[in-house]
Amino acid sequence: MWQLENIFEKEISRPTIFEDRNVLSPHYIPDHLPYREKEITRVMKQIAPALSQKRPNNLFIYGKTGVGKTAVVKHVLEKLEETKEKYQASVGSIYLNCRVHNTRYQVLLKLAQHAAPEESFLGLSSTHLYERFLEYVGKGVVFIVVLDEIDKVKDLDELTYSLTRANDGLAKGHVGLIGISNSINFKEKLDPRSKSTLCQDEIVFAPYNADQLSAILKERAARGFKKGYVTDGAIHLASAYAAQESGDARYALRLLLKAGELADSKGKPVAEEYVKRARAAVEEDIVIELINTLPEHQSIVLYAIANLAEKGSKYQRLTENGEHVLFSGEAYEGYESLCRSWRINARSARWFREYLNELEMMGLITTMISGPGIRGNTRLIRLAFPPEKVKAAVEKRFA
DNA sequence: ATTCCACAGGAAGCGACGGCCC
DNA sequence: GGGCCGTCGCTTCCTGTGGAAT
């Protein structure tokens, strides 16, 4: 008992270089969003009519991950809530992430629950939920619905239809829709009608460049770490890395946080070397995550390749720069025997080739076609990451 | 030049599954 | 709730390709 308490106390009282770790978390929404002033005003303009009980415009927001789409919209919603208090406007809003609520029913359920928080909607049809929501809006409320990752909704056409139809059927009150997505091609798949209602206005968020990322990181670092515990060099390096990776601020923050953790365990300020190590660590986290979500047979194929790459074989060749490569035929044999020992039915060779293509697309392996010097027309496979790490990740998944 | 090898990847088809329609 | 249709994941079959062996 005593020991346990002491460990807790020790952990708590241990000196740390962090001032407030939350500021560095990807979920944190800062009050100030640098380089997004234009976007903020545009979003505000679209929904401003709501404050004078008029119908707001629907809006579609597009941009790659980590460019501040969600942060901007959440920020605007907060401002909207503040302002409505002041003007006593009858305005409501809800933010939903469609990865969690990915059907028409689930979205409508959240809307109904928002409309009548004390009621239970267990076992009710989506029509009923919809009616309940309309009843609420019909009292003269202007309601803003934000659907983040809107491309994840399975029956989006039906959902947008319901929500826009609400406007036609109501004498008082309006519904405004804001859709957020990181894939622009997805809207081409939409029914033309939902496309035209949803995309009344569009905003495209551009990726951040290295200087902008640097400024963002600096601002966060100033609040996340204790004074003087982050070097400018570290910040510049982290932003440079992230700028290469499609200007993703979330990635930049992840790097900084990881570098912070590494430095913290040594009680040293965050310097460039920690950022470098953080990049490797973050990269590894991402790869492990990727392997964890791989379909069963793809992970077995990967494991088989790692196995062969590790222990080598008679067919194994070396490229000019001395790296190990495998023949696809032999990799298939390895996969087959692995399946046998794990008592799993192996897929056909044809499908195996398809798996190879997918693994290559995910960057877990690289392949090249055999040139002169090798009999036949085959692919040479090379693992993109150290075999031990790949094997460990697969084993963890399989256990 | 011809045949053989060791595959790549397209085409067709098959069974299971999910959604939709009456 | 049963019939139908589209799609997914997969197998089987097949033609193509590029270099090696003869």
Side-chain angles (χ1 to χ4, degrees), chain A residues 98-109 123-130 150-163 165 183 185-194 290-309 312-320 323-384 394 397-398:
Chain A
C98 299
R99 199 152 45 171
V100 188
H101 309 99
N102 59 0
T103 60
R104 180 175 104 105
Y105 175 81
Q106 290 189 11
V107 171
L108 289 177
L109 178 64
L124 291 183
S125 71
S126 47
T127 330
H128 201 101
L129 298 173
Y130 178 61
I150 193 169
D151 43 318
K152 297 288 188 300
V153 180
K154 284 167 190 158
D155 43 4
L156 185 57
D157 287 325
E158 286 83 350
L159 179 62
T160 45
Y161 177 67
S162 305
L163 292 178
R165 201 169 50 121
S183 107
N185 340 352
F186 117 93
K187 75 172 195 191
E188 305 306 328
K189 284 188 293 188
L190 283 175
D191 175 314
R193 266 187 314 177
S194 5
L290 191 62
I291 291 175
N292 280 342
T293 59
L294 233 43
E296 186 187 33
H297 280 270
Q298 287 186 33
S299 60
I300 300 174
V301 168
L302 194 65
Y303 193 89
I305 291 169
N307 234 345
L308 292 169
S313 73
K314 54 184 173 182
Y315 296 106
Q316 187 174 301
R317 302 281 173 105
L318 297 170
T319 52
E320 310 84 66
E323 279 177 295
H324 299 289
V325 284
L326 299 161
F327 282 36
S328 84
E330 205 222 345
Y332 183 65
E333 279 168 31
Y335 159 73
E336 267 187 314
S337 70
L338 201 57
C339 281
R340 265 198 303 278
S341 63
W342 290 357
R343 313 210 164 206
I344 293 167
N345 286 339
R347 297 281 111 95
S348 68
R350 179 68 189 86
W351 204 247
F352 171 80
R353 285 173 224 138
E354 221 63 43
Y355 287 153
L356 286 185
N357 288 337
E358 286 181 44
L359 289 175
E360 180 172 29
M361 266 197 287
M362 283 184 280
L364 290 168
I365 59 172
T366 54
T367 71
M368 50 196 272
I369 47 164
S370 62
I374 293 165
R375 191 171 220 258
N377 176 23
T378 183
R379 272 152 104 195
L380 305 173
I381 305 161
R382 185 176 49 215
L383 203 59
V394 176
R397 186 77 203 136
F398 221 81

Exercise. Of A:V394, A:L338, A:L302, which is the lone residue that meets side-chain contact (heavy atoms from CB on, under 4.5 Å) with A:N307?
Worked result: A:L338
Report the distance from atom [atom1] of [X] to atom [atom2] of [N], rounded to the nearest whole Å.
{"X": "A:E296", "N": "C:dC10", "atom1": "CD", "atom2": "C1'", "answer": "14 Å"}
{"X": "A:L380", "N": "B:dA6", "atom1": "CG", "atom2": "P", "answer": "14 Å"}
{"X": "A:M368", "N": "B:dC7", "atom1": "CE", "atom2": "C1'", "answer": "16 Å"}
{"X": "A:Y335", "N": "B:dC7", "atom1": "OH", "atom2": "C1'", "answer": "18 Å"}
{"X": "A:E330", "N": "B:dC7", "atom1": "CD", "atom2": "P", "answer": "9 Å"}
{"X": "A:Y332", "N": "C:dC10", "atom1": "OH", "atom2": "C1'", "answer": "12 Å"}

My understanding is that only residues two or more places apart in sequence, or in another chain, count here; which of them pass side chain to side chain donor-acceptor pair (under 3.5 Å) with [X]?
{"X": "A:N357", "answer": "A:R379"}
{"X": "A:Q106", "answer": "none"}
{"X": "A:W351", "answer": "A:Y355"}
{"X": "A:T366", "answer": "A:R382"}

For this session: Please list, chain by chain and in numerical order, all residues satisfying ring pair (Phe, Tyr, Trp, His ring centres under 6.0 Å) with A:Y303, sequence neighbours excluded.
Result: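 A:Y303: ring pair (Phe, Tyr, Trp, His ring centres under 6.0 Å) contacts with A:W342.
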Exercise. Of all residues at least two apart in sequence or in a different chain, which pass the ring pair (Phe, Tyr, Trp, His ring centres under 6.0 Å) check with A:F352?
Worked result: A:Y332, A:Y335
Seminar exercise, completed: Taken in chain and number order and not counting sequence neighbours, the residues that satisfy side chain to side chain contact (heavy atoms under 4.5 Å, CB included) with A:R340 are A:E336, A:S337
Problem set entry | side chain to side chain contact (heavy atoms under 4.5 Å, CB included) partners of A:R397, counting only residues at least two apart |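 Counting only residues at least two positions away or on another chain, A:R397 forms a side chain to side chain contact (heavy atoms under 4.5 Å, CB included) with A:N292.
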For this session: Mind running a 4.0 Å heavy-atom check of residues 339-356 of chain A against DNA chain C and sending the residues that fall below it, in number order?
Result: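 Under 4.0 Å from DNA chain C: A:A346, A:R347, A:S348, A:R350, A:W351, A:Y355.
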Problem set entry | Under 4.0 Å protein heavy-atom contacts per nucleotide of nucleotides 12-19 of chain B, with B for base, S for backbone only and - for none | --------
Seminar exercise, completed: Given protein heavy atoms under 4.0 Å, the one-letter contact record of nucleotides 16-22 of chain C, with B base, S sugar-phosphate only and - none, is simply BBBSSS-
Problem set entry | A:L290 to A:M362 - nearest heavy-atom pair and separation |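 For A:L290 and A:M362, the tightest heavy-atom pair comes out as CD2-O, 3.8 Å.
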Problem set entry | A:R379 side-chain N/O to B:dG9 phosphate OP1/OP2 under 4.0 Å |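 The answer is yes; a side-chain N or O of A:R379 sits under 4.0 Å from OP1 or OP2.
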Report, one line per pair, each donor and acceptor closer than 3.5 Å where one atom sits in a side chain of residues 367-374 of chain A; sequence neighbours left out.
residue	atom	partner	partner atom	Å
A:T367	OG1	A:E360	OE1	3.0
A:T367	OG1	A:E360	OE2	3.1
A:S370	OG	A:G376	O	3.3
A:S370	OG	A:T378	N	3.1
A:S370	OG	A:T378	O	3.2

